[in-house]
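All values below were derived from every heavy atom in this structure, side-chain atoms included, with hydrogens, water molecules and symmetry-related copies excluded. Naming convention: chains lettered A, B, ... in sequence-line order (proteins, then strands); numbering from 1 in each chain. The structure displayed is predicted, hence computed values, not measured ones.
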Amino acid sequence: MTDIKRLWKEAVFAALENLASASGLTTGIGDMESLVAEYPPKPELGDIGFPMFGYAKVFKKSPAVIATEMERLLAARGEELLCHGRPKAVGPYLNVFLHRVSVIEEVLERGRKDDWNSYLPFAGRKVMVEFSCPNTNKPLHLGHLRNNVLGESLSRILKAAGADVKKVNLINDRGIHICKSMLAYQVYGGGRNPEDEGLKSDHFVGKYYVLFNQLKKEDPKAEEKAQELLRLWESGDAETLKLWKTMNRWAVEGIKTTYARQGVGFDDYYFESLTYTRGKQEVLDGLSRGVFYRDDDGSVWVDLEDVGLDKKVLLRKDGTSIYITQDIGTAIQRSKDWPFDELVYVVASEQHYHFRALFEILRRLGYSWSENLFHLAYGLVNLPSGRMKTREGTVVDADDLIDELAALAQKEIEAKGRDSMVGDPAAVAEKVALGALHYYLLQTSPTKDMLYDPEQSLSFTGNTGPYIQYMGARACSILRKGAEAGPAQVLQEGDAAEAVAAVLDNEADWPLIRCLASYSGALESAARTKEPSIMAAYAHELAAEFSAWYRDNPVLSNPDPSLSAGRLQLVKAAKSTLQQVCGLLCIPFLEVM
RNA sequence: GCGUUCGUAGCUCAGCUGGAUAGAGCGACGGACUUCGAAUCCGUAGGUCGCAGGUUCGAUUCCUGUCGGACGCACCA
């Protein structure tokens, strides 16, 4: 469909050029990119629409007249174009009615092979995506879940669009916050293990981070002692390092369990403890080249006021590096490790300023790839009760949340009496929970703050992940029944594709086919704008379209056996597309639910 | 104070590079299970797209201003 659309766009533009030269015009119609190709709001208007408003002034004619002349010009073209469709002027629009059989054939291919997506606009692009980046002093919370699913989903979308994607994580495993949980453990831990307290290991570590607040009340010198622990860590004190390693292992193992549960993963892990000194030399080089300057007290600065930012410290007066210095080093290291065409940072929008500064600094250091850095900023996840705050204990823990959702889903399965049909109700419930959560988090544009309403997310009706899963399961159900019905009903792999497609060339089946065909357009748009929400919207549209279609159009119970067989192939293609889309959105696909 | 960002139906959100009657879901009201699984479907009600200007043949979309919210402007990360 995407190829056919481009073919028509080229043809329409060529016709515009002809019209221009016939009118003695040499300029004014712009380039092909400025020619708008869209989808008419109603199928009876056509399949592709080209508005002619923009050319009225150039030609000094009304858009409707231009559209009519365009129709005539295009209709005079040979079969090599007209076999793909028929142009028609509809008011001020030049619309195209596609030769549907070729579209249908393309769509039905999806039921025949797994790897059917051949449209790869990002082929040859190397894209690195950094996301999650947890601290090792506490378990993941709801905000991380949004980050994780955004990063994972975007990576899958880019990959589906043909890009070579590398997912990376940077573990924040050093610093004062880590030392606080270590100190609290020294005081209260009594040498116990997570198993001793029956806690998931990252929750165990998090418990001691929280206990640090108690320690502060009991010991006024707690903050000082934590600082001392940081100094010991930096000087390589054996005992401190031993504790640090143990607690970090607990934290990281626990966090990785949550990743596995959520279905996210990484190609490479970076650890801040190994990279945090890396930017220092870069800054000193920049200093010697006059990109930065040294203050009287010895600290190193960069002045970004001319681009609307401030003066930023890059090295402390004692020569140690700070946050942004580390990111400078890490970015440069990555560009050497794996020369990317693009590097995407999935980080909360609170850090927008930080990334503007970082990208500008890298530009000034002379790295041309600095313009290929992208901060995918996402908004906070708020609760109906207000913002999540660690100190007020209003943080929603990631594992607890998934547990809650899964328990609720299981109750729902039992309430509907489907527990015997789904096999393992607990396993299905877990998948429904993840589908609900991930879809909920992805449906909103990343830039916006969003409201996480447990009530609404837990209700499995409407514009939700489970709805999409349900339509997938229904498609599977029809296919199962079709297989049972015997050879007459089963789709004939050997049937000529064109003959099957011809059967489906009718008004009843077209809306679903058109929706299926627009998959690649949605994918490209989502990849280009880096917005999984576009894919989420497509997923819901497709599910709803499928729902409406199978309600009105009998598949198995159809009196016409050839139509029945053809529609069975269409169900297969729809199921395959739904499955693909669910994969892109980290929504587990379910054969039954 | 400066900067970034958001402001669309009672609520939560879509609306692709400006374009053909602004769309979903929830909630409300009314319907549909002897019919390929009702976690579904259909119908009704509900919007001066924060406000005011500007650009344009045309603005929810772009520009300016303004009001309101969020976030940021550390030798924290």
Side-chain angles (χ1 to χ4, degrees), chain A residues 33-34 36 38-42 45 49 51-54 56-57 62-63 90-93 95 133 135 172 174-177 272 295 297-301 308-310 312-318 320-324 326-327 348-354 356-357 377 379-380 382 384 387 409 412-413 415-416 418 421 432 440 443-445 447-453 455-457 459-464 466-467 469-471 473-474 477-482 485 521-522 524-526 528-529 531 533-534 536-537 540-541 544 547-548 550-558 571 592-593:
Chain A
E33 286 311 302
S34 64
V36 176
E38 56 186 16
Y39 297 105
K42 284 191 287 190
L45 295 173
M52 292 291 119
F53 301 97
K57 190 179 267 181
S62 79
V90 182
Y93 292 86
N95 292 348
C133 303
N135 292 328
N172 296 306
R174 63 163 289 280
I176 189 66
H177 51 294
E272 195 188 308
D295 194 60
D297 67 0
S299 53
V300 177
W301 293 71
L309 302 168
D310 302 277
K312 300 280 293 180
V313 179
L314 300 178
L315 288 177
R316 296 190 184 93
K317 57 192 169 197
D318 63 5
T320 56
S321 64
I322 56 175
Y323 179 45
I324 197 160
Q326 297 166 30
D327 271 355
S349 54
E350 333 176 88
Q351 299 201 38
H352 189 67
Y353 183 91
H354 167 78
R356 281 179 64 199
L380 269 57
N382 294 309
R387 186 176 173 177
E412 195 69 16
I413 290 168
K416 301 210 176 296
R418 296 206 44 88
M421 283 102 126
V432 170
Y440 196 92
Q443 60 162 347
T444 303
S445 297
T447 53
K448 290 187 180 175
D449 285 356
M450 64 179 287
L451 189 77
Y452 176 72
D453 185 346
E455 291 278 321
Q456 192 179 329
S457 130
S459 88
F460 298 123
T461 62
N463 184 8
T464 65
Y467 173 77
Q469 290 174 311
Y470 177 68
M471 290 309 158
R474 291 300 302 273
S477 177
I478 294 173
L479 291 173
R480 275 193 302 273
K481 283 235 163 65
E524 180 177 17
S525 178
R528 201 185 63 242
T529 58
E531 293 221 18
S533 58
I534 290 175
H540 181 256
E541 188 192 328
S547 174
Y550 83 70
R551 179 193 67 234
D552 297 332
N553 300 291
V555 179
L556 304 173
S557 53
N558 202 292
V571 173
V592 286
M593 63 186 283

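Note on Y467(A): a side-chain N or O is less than 4.0 Å away from OP1 or OP2 of C41(B). Side-chain N/O atoms of S349(A) include none lying less than 4.0 angstrom from OP1 or OP2 on U5(B). Side-chain N/O atoms of R551(A) include none lying less than 4.0 angstrom from OP1 or OP2 on U35(B). Listed pair Y323(A) / A77(B) fails the phosphate criterion, with no side-chain N or O lying under 4.0 Å from OP1 or OP2. An OP1 or OP2 oxygen of C75(B) is reached within less than 4.0 angstrom by no side-chain nitrogen or oxygen of K317(A).
Using a 4.0 Å heavy-atom criterion, one finds that D453(A) contacts no nucleic acid atom at all. Counting non-hydrogen atoms under 4.0 angstrom, M450(A) reaches the backbone sugars and phosphates but no base. Contacts of I413(A) with the nucleic acid, taken as non-hydrogen atoms under 4.0 Å apart, include base atoms. Contact annotation for S477(A): base contact, defined as any heavy-atom pair under 4.0 Å involving a base atom. Nucleic acid contact for A377(A): none, since no nucleic acid atom lies under 4.0 Å from a heavy atom of the residue. Among the heavy atoms of the strands, none lies under 4.0 Å from P466(A). Nucleic acid contact class of N553(A) (heavy atoms, under 4.0 Å, all strands): base. At a threshold of 4.0 angstrom between heavy atoms, the contacts of H177(A) with the nucleic acid are absent. Residue S445(A) is in sugar-phosphate contact alone, with no base atom involved, counting any heavy-atom pair closer than 4.0 Å across all strands shown. Among the heavy atoms of the strands lying under 4.0 Å from T461(A) are primed sugar atoms or P, OP1, OP2 only; no base atom is included. Nucleic acid contact for F53(A): base, since at least one base atom lies under 4.0 Å from a heavy atom of the residue. Residue-level contact check: P63(A) touches neither bases nor backbone, having no heavy atom under 4.0 Å from any strand.
A donor-acceptor pair is defined here as one N or O able to donate and one able to accept, closer than 3.5 Å; such a pair exists between the side chain of T464(A) and the backbone of Y467(A). Formation of a donor-acceptor pair under 3.5 Å by the R316(A) side chain with backbone atoms of S299(A) is not found in this model. Side-chain N or O atoms of N382(A) include none that pairs as donor or acceptor with a backbone N or O of L451(A) at under 3.5 Å. Without hydrogens or angle criteria, R418(A) side chain to M593(A) main chain gives a donor-acceptor distance under 3.5 Å.
Comparing atom distances between the Y440(A) side chain and each of U12(B), C26(B), G37(B) picks out U12(B) as nearest. Checked against A20(B), G37(B), G25(B), the side chain of V90(A) finds its nearest nucleotide in A20(B). The side chain of I478(A) lies closest to C36(B), out of C36(B), C16(B), G25(B). Closest approach to the V432(A) side chain among A14(B), A39(B), C75(B) is made by A39(B) (side chain taken as heavy atoms from C-beta onward). Comparing C36(B), C75(B), U12(B) by their closest approach to the side chain of K481(A) singles out C36(B). Listed nucleotides: A77(B), C36(B), G7(B). Nearest to the side chain of K448(A): G7(B). Listed candidates were U12(B), G19(B), G37(B). Nearest to the side chain of P51(A) is G19(B). Between G19(B), A39(B), U40(B), one nucleotide has an atom nearer to the side chain of M471(A) than all others, and that is U40(B). For E38(A), whose side chain is taken as the heavy atoms from C-beta onward, the closest listed nucleotide among G19(B), C76(B), C6(B) is G19(B). Between U12(B), A20(B), C36(B), one nucleotide has an atom nearer to the side chain of Q456(A) than all others, and that is U12(B).
Rounded to the nearest Å, the gap between the P atom of G37(B) and that of U61(B) is 47 Å. To the nearest whole angstrom, the two P atoms, one in A59(B) and one in A22(B), are 14 Å apart. G72(B) and A39(B): their P atoms are spaced 44 Å apart (whole Å). Between C13(B) and A70(B), the two P atoms lie 15 Å apart (nearest whole Å). Rounded to the nearest Å, the gap between the C1' atom of C29(B) and that of A14(B) is 25 Å.
One can place CD of E350(A) at 5 Å from P of G72(B), the figure rounded to the nearest angstrom. The interatomic distance linking L479(A) (CG) with C36(B) (C1') rounds to 11 Å, in whole Å. If you measure from atom CD of Q351(A) to atom C1' of C71(B), you get 11 Å, rounded to the nearest angstrom. The distance between atom CD of E541(A) and atom C1' of G15(B), rounded to the nearest whole Å, is 12 Å. The interatomic distance linking D310(A) (CG) with G3(B) (P) rounds to 11 Å, in whole Å. The NE2-P distance, from H352(A) to A70(B), rounds to 19 Å in whole Å. Rounded to a whole Å, the OH atom of Y353(A) is 16 Å from the P atom of A77(B). Remark: P of C71(B) and CG of L309(A) are 20 Å apart, rounded to the nearest angstrom.
Residue side chain N95(A) reaches the base of A20(B) through a donor-acceptor N/O pair under 3.5 Å, judged by distance alone. Residue-to-nucleotide contacts include a donor-acceptor pair under 3.5 Å from the side chain of R418(A) to the base of G37(B).
Separating the CH2 atom in W301(A) from the CG atom in D310(A) is a distance of 10.0 Å, to the nearest 0.5 Å.
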Criterion side chain to side chain contact (heavy atoms under 4.5 Å, CB included) on R480(A) and V592(A), from CA distance to verdict = CA-CA 11 Å; R480(A) 275 193 302 273; V592(A) 286; 3.2 Å; yes

Could you go through the side chain to side chain contact (heavy atoms under 4.5 Å, CB included) check for V555(A) and K481(A) one step at a time?
-> CA-CA 10 Å; V555(A) 179; K481(A) 283 235 163 65; over 6 Å; no

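Under the Watson-Crick or G-U wobble criterion, with both distances below 3.5 Å, G43(B) is paired with C29(B). Across all strands shown, G72(B) forms a Watson-Crick or G-U wobble pair with C2(B), both key distances being under 3.5 Å. Pair check for A9(B) finds none; no Watson-Crick or G-U wobble contact set falls under 3.5 Å. When both pairing distances are held under 3.5 Å, C62(B) makes a Watson-Crick or G-U pair with G54(B).
Heavy-atom distances to RNA chain B give each of R474(A) and R174(A) a nearest nucleotide, and the one nearer the 5′ end belongs to R474(A). Nearer the 5' end of RNA chain B, as judged by each residue's closest nucleotide, is the contact made by G308(A), out of S321(A) and G308(A).
The minimum heavy-atom distance linking Y93(A) with E38(A) is given by the pair CE2-OE2, 3.5 Å. Considering every non-hydrogen atom in both A357(A) and I324(A), the closest pair reads CB-CD1, 3.9 Å.
In this entry the base of C33(B) is syn relative to its sugar, with a glycosidic angle within 90° of 0.
Using cut-offs of 30° and 60° for the angle between ring planes, the Y323(A) and H354(A) rings count as parallel.
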